[in-house]
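Take a look at the structure below.
Side-chain atoms are counted along with the backbone in the values below, which use heavy atoms only and exclude waters and symmetry mates. Note that this is a predicted model, so its numbers are computed, not measured. Just so we're on the same page: letters track the sequence lines, and every chain starts at 1.
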Amino acid sequence: MHNLTQNRELADLLFPDIQKTPEYYEVLYPKRQLPEGAKVTRFAPSPTGYVHMGSLYASLVSERLAHQSNGVFFLRVEDTDKKREVEGGVSNIIRALSRFGISFDEGVTDVDDEKGSYGPYKQSERMEIYKTFAKRLVEKGLAYPCFCSEEDLDKIRAQQEEKKETPGYYGEYAVHRNSTLEQVREELSRGKPFVLRVKAPDNPDSRFVFKDLIKGDVEMPENFQDIVLLKSDGLPTYHFAHVVDDHLMRTTHVTRGDEWLPSAPLHVQLFEMLEWEKPYFAHISPIMKMEGSSKRKLSKRKDPEADVSFYHEQGFPGISVIEYLVNLINSNFEDWRRENPESPNTSFKIELERMSVSGAMFDIVKLTDMSKDIVAGMTAEEVYNMSLEWAEEYDSELWALLSRDEKYAKRIFSIDRGGEKPRKDIAKWLDVKPNIFYFFDELFTRDAAEGYNFPDTIPADEVNRLIREYAKVYNHSDSKDMWFDRVKEFCEVMGYSKDVKTFKKNPGAYKGHVGDVTGIIRVAVTNRRNTPDLYEIMQVMGENMVMERFDKAINR
RNA sequence: GGCCCAUUGGUCAAGUGGUCAAGACAUCGCCCUCUCACGGCGGUAACAGGGGUUCGAAUCCCCUAUGGGUCACCA
């Protein structure tokens with residue numbers, strides 16, 4: 001057993017270079033002056049550059065919590081594992097999040113830049129801080145060096161497995177826990193590397209209860225493992241860094257994936273050992289994916305849609321993804337949206353208590369539907385600008401066509417848009433090309449070369465006859481009503497009923513109905529059976545293009 | 001395996017002891033319509049199972065099953 005002076009000696013022995021004190025940092029990073037109820041949250045990724053859907057989800061929760069309470073949302077980079085570091089990773093993460101409208105009030109802003117007065121915000125630059133608090137823990141007899149090698153640890157584990165005991169470094173298995181100062185000195189003099197471990201209370205049966213803002217009251221065993229605080233390279237583990245950083249950065253609400261729930265007792269224990277006020281914890285359930293008949297966490301390795309850049313590539317507007325996620329956070333968002341169709345989604349207040357405690361299945365069909373609604377609400381101008389921007393990066397051919405004649409492109413996007421019931425055909429910018437290709441001869445030609453999509457129910461001869469005759473009566477300067485009147489008249493001449501009802505009443509009397517005829521014209525002009533308003537399409541195309549399409553169809 | 005968390009229609013979910021168990025997406029049917037879409041109307045479809053507690057249970061308790069998470073000098 002160490003007494004107080006021995007602890008102090010040990011602390012100096014382990015951290016001879018640490019001169020600052022915890023008190024120094026308490027003054028350096030004072031409690032934030034914020035309005036009542038303001039929340040301080042953070043996003044704390046490893047600098048891998050990869051942003052998982054689950055991370056976006058969690059960061060969205062954190063961001064909203066902070067910003068809807070006039071609080072602070074900051075970015076901290078958890079780069080204590082060099083193996084995870086990827087060149088340019090930080091910038092990638094920041095860029096990926098900004099595409100979804102998520103920005104930070106303080107923290108890391110780029111590879112070598114940051115803002116805010118609670119930094120540094122990169123853990124690798126906070127070594128002195130961690131060591132200062134580690135030293136204090138040693139002084140208090142709450143942490144100690146452990147010289148076990150990997151092999152030693154393996155041996156312990158093997159022993160425990162054999163006896164069917166809980167594996168880990170604790171109690172009587174914690175061989176270095178009660179080393180004397182002399183023993184430590186000797187190991188050190190032999191140049192042996194060490195890790196710093198917490199001296200956990202040795203009572204495996206004691207229970208720990210805490211209130212999670214999402215999961216509710218959770219009861220678990222108290223932590224009794226002597227978890228590593230400082231690795232042998234001197235860098236802190238997540239556990240220690242989290243506690244030190246979130247205290248010093250004055251985080252009020254720790255929002256993170258629920259894979260952290262099992263280590264929450266450890267974290268709370270550390271807060272208590274350091275005599276710090278505990279933050280609130282909110283453990284977020286993972287986003288799942290259906291595989292066969294069972295669900296599992298969306299996987300970075302297996303699922304392309306787990307990577308948020310997937311949505312950028314597909315051309316989902318960032319706001320669509322965000323609204324989908326907001327709805328996953330609080331499902332009453334949909335009701336709110338219906339009542340507030342014009343409000344920005346940031347006006348919707350999220351509530352942690354309303355979050356689901358179990359993992360939600362990621363539903364790309366629903367995302368697509370929501371996105372269609374959002375795009376349908378955009379102006380032609382917006383659709384043009386956003387699809388152009390997308391095309392610039394992902395589809396140079398489309399980009400060239402859209403920028404070649406801006407006015408023409410915007411007229412295309414104006415069809416069936418802006419009215420009471422806007423067309424819902426575009427969910428993502430990837431959908432644009434297949435929806436508008438027929439307005440461009442080069443794309444249309446390529447498409448028609450694959451074959452025309454005339455219905456099989458009408459013989460080719462009849463198709464040709466209809467197009468040839470229709471081309472003769474087509475008058476490009478007709479108003480919409482006149483155009484349709486003329487179509488109906490044409491139908492009667494050709495032996496088709498001028499409306500569907502008449503045909504249905506007496507199918508034997510006609511070759512078909514007006515829908516069949518317009519269907520043929522539609523395919524001739526667009527090579528699609530489903531399109532927006534045919535009249536509008538032909539008006540936008542212009543007379544020449546329309547007539548050429550008729551020719552081309554007849555001579556196919 | 002230990003420890004946690006969970007389980008309402010195909011999916012997201014409302015629901016906190018008394019509801020004909022909302023709504024949305026998907027699906028199906030009908031209507032509207034030049035097609036498709038949009039829109040409108042309607043349909044199919046759920047409290048994992050078993051025990052309790054209670055006048056009464058999706059809601060509370062226990063057990064079972066299933067799913068998920070976690071048990072590193074990774075985060």
Side-chain angles (χ1 to χ4, degrees), chain A residues 44-46 48 78-81 83-84 123 146 148-150 153 157 161 164-169 193-197 212 214-216 218-221 225 227-239 241-242 256-265 283 285-286 288 290 293-297 324 327-328 330-335 337-338 354 356-370 372-373 376 416 419-425 455 483-484 487-488 491 498-500 513-523 526 528-535:
Chain A
S46 301
T48 58
E78 310 225 321
D79 57 347
T80 56
D81 181 13
K83 289 184 291 273
R84 287 191 169 215
Q123 292 183 331
C146 165
C148 283
S149 64
E150 222 172 295
L153 262 19
R157 190 170 320 121
E161 267 165 32
K164 292 204 167 28
E165 287 177 7
T166 307
Y169 201 83
F194 69 89
V195 300
L196 193 77
R197 308 187 95 109
D212 183 274
I214 295 171
K215 307 268 178 188
V218 181
E219 190 184 323
M220 281 182 268
Q225 299 257 5
I227 297 295
V228 172
L229 265 21
L230 255 29
K231 300 181 262 186
S232 57
D233 58 8
L235 290 166
T237 55
Y238 169 85
H239 308 295
H242 145 58
R256 66 204 336 185
D258 72 0
E259 68 270 22
W260 292 109
L261 196 55
S263 53
H283 288 97
S285 306
M288 315 293 284
M290 194 55 100
S293 57
S294 70
K295 48 177 173 174
R296 47 151 243 256
K297 223 168 152 174
Y324 175 72
N327 193 236
L328 231 43
N330 284 170
S331 67
N332 53 323
F333 172 73
E334 265 182 323
D335 299 330
R337 176 44 91 210
R338 221 169 296 130
R354 297 192 76 104
S356 174
V357 285
S358 55
M361 204 76 74
F362 186 76
D363 187 354
I364 200 158
V365 176
K366 176 106 179 176
L367 199 208
T368 300
D369 179 77
M370 290 180 75
K372 278 181 178 172
D373 274 335
D416 279 358
E420 278 288 291
K421 298 177 187 172
R423 196 175 174 78
K424 287 168 71 172
D425 48 5
W483 170 77
F484 194 47
V487 168
K488 288 199 238 185
C491 284
K498 59 182 179 182
D499 59 61
V500 183
H513 55 77
V514 63
D516 295 319
V517 174
T518 50
I520 298 297
I521 303 169
R522 184 187 314 278
V523 173
T526 68
R528 284 293 112 107
R529 295 188 200 180
N530 312 334
T531 72
D533 192 293
L534 224 201
Y535 172 77

Quiz item: Of the nucleotides C5(B), U7(B), A26(B), which one has an atom closest to the side chain of Ser358(A)?
Solution: U7(B)

Quiz prompt | side-chain N/O Lys231(A) vs C74(B) OP1/OP2, d < 4.0 Å | solution = yes

Practice problem: Tell me, please, which residues at least two apart from Phe333(A) pass ring-ring contact (aromatic ring centres under 6.0 Å, His included). | Solution: Trp336(A), Phe348(A)

Self-check item: Which residues share a ring-ring contact (aromatic ring centres under 6.0 Å, His included) with Tyr535(A), sequence neighbours left out
Solution: Trp483(A)

Quiz item: Less than 4.5 Å apart, any side-chain heavy atom of Arg157(A) and any of Tyr169(A)?
Solution: no

Quiz item: Is any side-chain N or O of Ser285(A) closer than 4.0 Å to OP1 or OP2 of C5(B)?
Solution: no

Quiz item: Does Ser232(A) make a side-chain donor-acceptor contact with the base of C73(B), cut-off 3.5 Å?
Solution: yes

Quiz item: Excluding sequence neighbours, so at least two apart, what forms side-chain hydrogen bond (donor to acceptor under 3.5 Å, both in side chains) with Asp499(A)?
Solution: Thr502(A)

Practice problem: Let me know the distance between CD1 of Ile214(A) and C1' of A6(B), rounded to the nearest Å. | Solution: 14 Å

Exercise. Record whether the side chain of Arg423(A) comes under 3.5 Å of the base of C36(B) through a donor-acceptor pair of N or O atoms.
Key: yes

Exercise. Dot-bracket for RNA chain B, please, read 5' to 3', with Watson-Crick or G-U wobble pairs under 3.5 Å on both distances, ( ) within the strand, [ ] crossing, | other strand, . unpaired.
Key: ((((((((.[[[..)..(....]]].(((((.......)))))....[[[[[..)....]]]]])))))))....

Self-check item: Neighbour count above 12 (heavy atom, 6.0 Å) for Glu150(A) CD
Solution: no

Quiz item: Out of G39(B), U70(B), C4(B), which has the shortest distance to the side chain of Lys424(A)?
Solution: G39(B)

Quiz item: Does the distance from a Lys or Arg side-chain N to an Asp or Glu carboxylate O, for Asp369(A) and Lys372(A), drop under 4.0 Å?
Solution: no

Exercise. Answer with base, sugar-phosphate or nothing: what part of the nucleic acid does Cys148(A) contact at a heavy-atom distance below 4.0 Å?
Key: base

Every protein N/O lying under 3.5 Å from an N/O of nucleotides 57-64 of chain B:
none

If you restrict it to nitrogen or oxygen atoms, what contacts under 3.5 Å exist between nucleotides 32-34 of chain B and the protein, and what is each distance?
from   : atom 1 : to        : atom 2 : distance (Å)
C32(B) : OP1    : Lys501(A) : NZ     : 3.2
C34(B) : O2'    : Thr518(A) : OG1    : 2.6
C34(B) : O2     : Arg522(A) : NH2    : 2.8
C34(B) : N4     : Asp533(A) : OD2    : 2.9

Quiz item: Can you check whether Arg256(A) has a side-chain N or O nearer than 4.0 Å to OP1 or OP2 of A75(B)?
Solution: no

Quiz item: Which part of the nucleic acid does Ser263(A) contact within heavy-atom distance under 4.0 Å: base, sugar-phosphate only, or nothing?
Solution: nothing

